[in-house]
**Q** 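Structure below; questions to follow.
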Amino acid sequence: MNHSIRTNVWRGITTLALQLPSYTSERRLAEQTCLTLLHSCTTLTNLTQIHTLILKLGLHNNPLVLTKFASTSSLLNAIHYASSFLFSPSNNHNDLLLYDAFLFNTVIRAYAQTHASKFKALEFYKTMFTYGVLPNKFTYPFVLKACAGIGDLNLGKLVHGSAVKFGFDDDRHVQNTMIHMYCCCGEGVEFARKVFDESPKMDSVAWSAMIGGYARLGRSMEAVGLFREMQVKGVIADDVAMVCVLSACTDLGALELGKWLESYVERNKISKSVELCNAFIDMFAKCGEVDKAMKLFRQMSSRTIVSWTSVIVGLAMHGRGLEAVSLFDTMIEQRVAPDDVAFIGVLSACSHSGLVDKGHYYFNSMQKNFGIVPKIEHYGCMVDLLSRAGLVKEALEFVQKMPIKPNQIIWRSIITACHARGELKLGETISKKLIRSEPMHESNYKIPGSTMIELNNEMYEFVAGDKSHNQSKQIYEMMDEMGRKIKKAGYLPTTSQVLLDIDDEDKEDALHRHSEKIAIAFALLNTAPGTPIRIVKNLRVCEDCHSATKFISKVYNREIVVRDRNRFHHFKNGLCSCRDFW
DNA sequence: ATAGGGTTAG
């Protein structure tokens, strides 16, 4: 129905309804009228009119009308209004027939999908028992979804127990939501796995719930492993399962796997939903192939804000800030409304490419032109932008003027800038303050550095000084050779970033054993000459590794693509795409 | 009427 027809129908039926006598004997007509009205109700004003009408016609104890009222309210984000009417004392509470499971399910569903009211869903789940209404098999997916949103394991177990008690735990939908719910509850994954393993017939939904659960927790290897198991079991993935496994693949930086997944989609004719395309864009960008991501983006027939943001963030990560910014401008020209995440993307693009004025412009425009209130992340981007550009003083002033309390991330980007700019005293002062106010921050320095590399469909992970690999001997010989060759080419070790209190020779040795050098040696040993090497670091690349990798790319004539915690470095012929600005 | 999904500063 188009808008004007809808409005006319609305007017017509309203006129008719108001002519009905109160407590009309023609209950069916009154009921039908109300249901039709609710069906075409699109505004809150209409809803309150219908409310009045329901009372006038004495339909406040008609379950059919009440349920429709609840679901319409839910669509209009007004479930609170509906539930306070439905369960108000003026409604006849003694009439138990008034409420049925369908009505409660509608209310529970509405609250479960409303962001801030998951607890309300559980409240109504309890309320249904006090009214003597028993849950049915449709009740549990809604309640479990609310539990997933709350993320409380004990609550989840309680509802699980309840579902068992009423015999709904063998329902496929209930089981699948149960898996999802447990995956969303901190320590619950193992419980999810138990439900998953005990399910007699696992469909694609169950697999995606479990794979997605692992992926969200950063247990990407397990996610990919489970996807492989799924293929062995002969279950064909659908687009949602693909999104789940792709997010794990993206996390691992496993480009070969990503390409294989792309061909899997083609082979199995999986529908290319917007979400799936977005996941592919993100994967290609974060596995080192932004151009491929751009190509996919251009081919998409319809895009969402997430598609734009993914490709903007992707370009930014590769240091292609100008392209990212111009894409953002195109997006605005095409009247796609940016959201807060899109602004984080464009601001970080400015930051990584030193576009200070542009950054200021976007930051100011987000509130002025788009009514988006900047969050701590946006302030963080601005501080980072100023800090990286060497404007440490301006960054500090910005922090002092911001209306939000700065967090550790913000302080750390200033400290990093201080080190880079030789403002050691200032950096130290801030560091000391930070340690005093947030003693926990030390834990951040204790994450061990590791580097991953994909080779022949296998992921290899190395930590500093790693000797666990069976090629270890050759790897260390290769590293010695690398060291000799790059020194000859002019490489000088940068030992200033080594924090340990040891002498220079040992410091050099410590650098020499950094995980990314091990991974590069491993790659040089196992890949064909002239082919690109791709590695993924879990931390920011250190200055010495950055310098060494530049030399390695030249001496061994290899393109080396490094993804670190924040961004990409493309090393080629002795130079890096970040132009030493990272 | 019911289940699983994408982008986020360093």
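Convention: sequence-line order gives letters A, B, ...; per-chain numbering from 1.
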**Q** Does the distance from a Lys or Arg side-chain N to an Asp or Glu carboxylate O, for A/Glu190 and A/Arg219, drop under 4.0 Å?
**A** yes

**Q** Indicate, with a heavy-atom threshold strictly under 4.0 Å, whether A/Asp564 touches base, sugar-phosphate, or nothing.
**A** nothing

**Q** Touch check for A/Arg388, heavy atoms < 4.0 angstrom, all strands: base, sugar-phosphate only, or nothing?
**A** sugar-phosphate

**Q** Measure distances between side-chain N and O atoms of A/Asp340 and base N and O atoms of B/dA9, and say whether any donor-acceptor pair falls under 3.5 Å.
**A** no

**Q** Is there a donor and acceptor pair, one atom on the side chain of A/Thr177 and one on the base of B/dG4, closer than 3.5 Å?
**A** no

**Q** Which is true for A/Ile376 with a 4.0 Å heavy-atom rule: it touches a base, it touches only sugar-phosphate, or it touches nothing?
**A** base

**Q** Have a look at A/Arg216 and say if it touches a base, only the backbone sugar-phosphate, or nothing, with a 4.0 Å heavy-atom cut-off.
**A** sugar-phosphate

**Q** Spell out yes or no: do the side chain of A/Asn105 and the base of B/dA1 have one donor N/O and one acceptor N/O closer than 3.5 Å?
**A** yes

**Q** Does the ring of A/Phe168 carry A/Lys137 above it, NZ/CZ under 6.0 angstrom from centre and within 45° of its axis?
**A** no

**Q** Is A/Leu246 touching bases, backbone alone, or none of the nucleic acid, heavy atoms closer than 4.0 Å?
**A** nothing

**Q** Rounded to whole angstrom units, what separation is found between the NE2 atom of A/His39 and the P atom of B/dA1?
**A** 12 Å

**Q** Has the side chain of A/Ser273 got a donor or acceptor atom sitting under 3.5 Å from an opposite partner on the base of B/dG5?
**A** yes

**Q** For the side chain of A/Phe102, starting at C-beta, report the closest nucleotide among B/dA9, B/dG5, B/dA1.
**A** B/dA1

**Q** Round to a whole Å and report the spacing from NE2 of A/His569 to P of B/dG10.
**A** 12 Å

**Q** Under 4.0 angstrom, heavy atoms only, what part of the nucleic acid is A/Asp282 near: base, sugar-phosphate, or nothing?
**A** sugar-phosphate

**Q** Using a cut-off of strictly less than 4.0 Å, decide whether A/Lys137 has a side-chain nitrogen or oxygen near OP1 or OP2 of B/dA1.
**A** no

**Q** Check the distance between B/dG5's P and A/Asp203's CG and give it to me in whole angstrom.
**A** 14 Å

**Q** Is A/His173 near enough to B/dG4 that one of its side-chain N or O atoms lies under 4.0 angstrom from OP1 or OP2?
**A** no

**Q** Using whole Å, report how far CZ of A/Phe343 lies from C1' of B/dA9.
**A** 15 Å

**Q** Side chain of A/Asp238, base of B/dG4: donor and acceptor closer than 3.5 Å?
**A** yes

**Q** I'd like to know if A/Ser204 reaches the base of B/dG4 with its side chain such that a donor and an acceptor end up less than 3.5 angstrom apart.
**A** yes

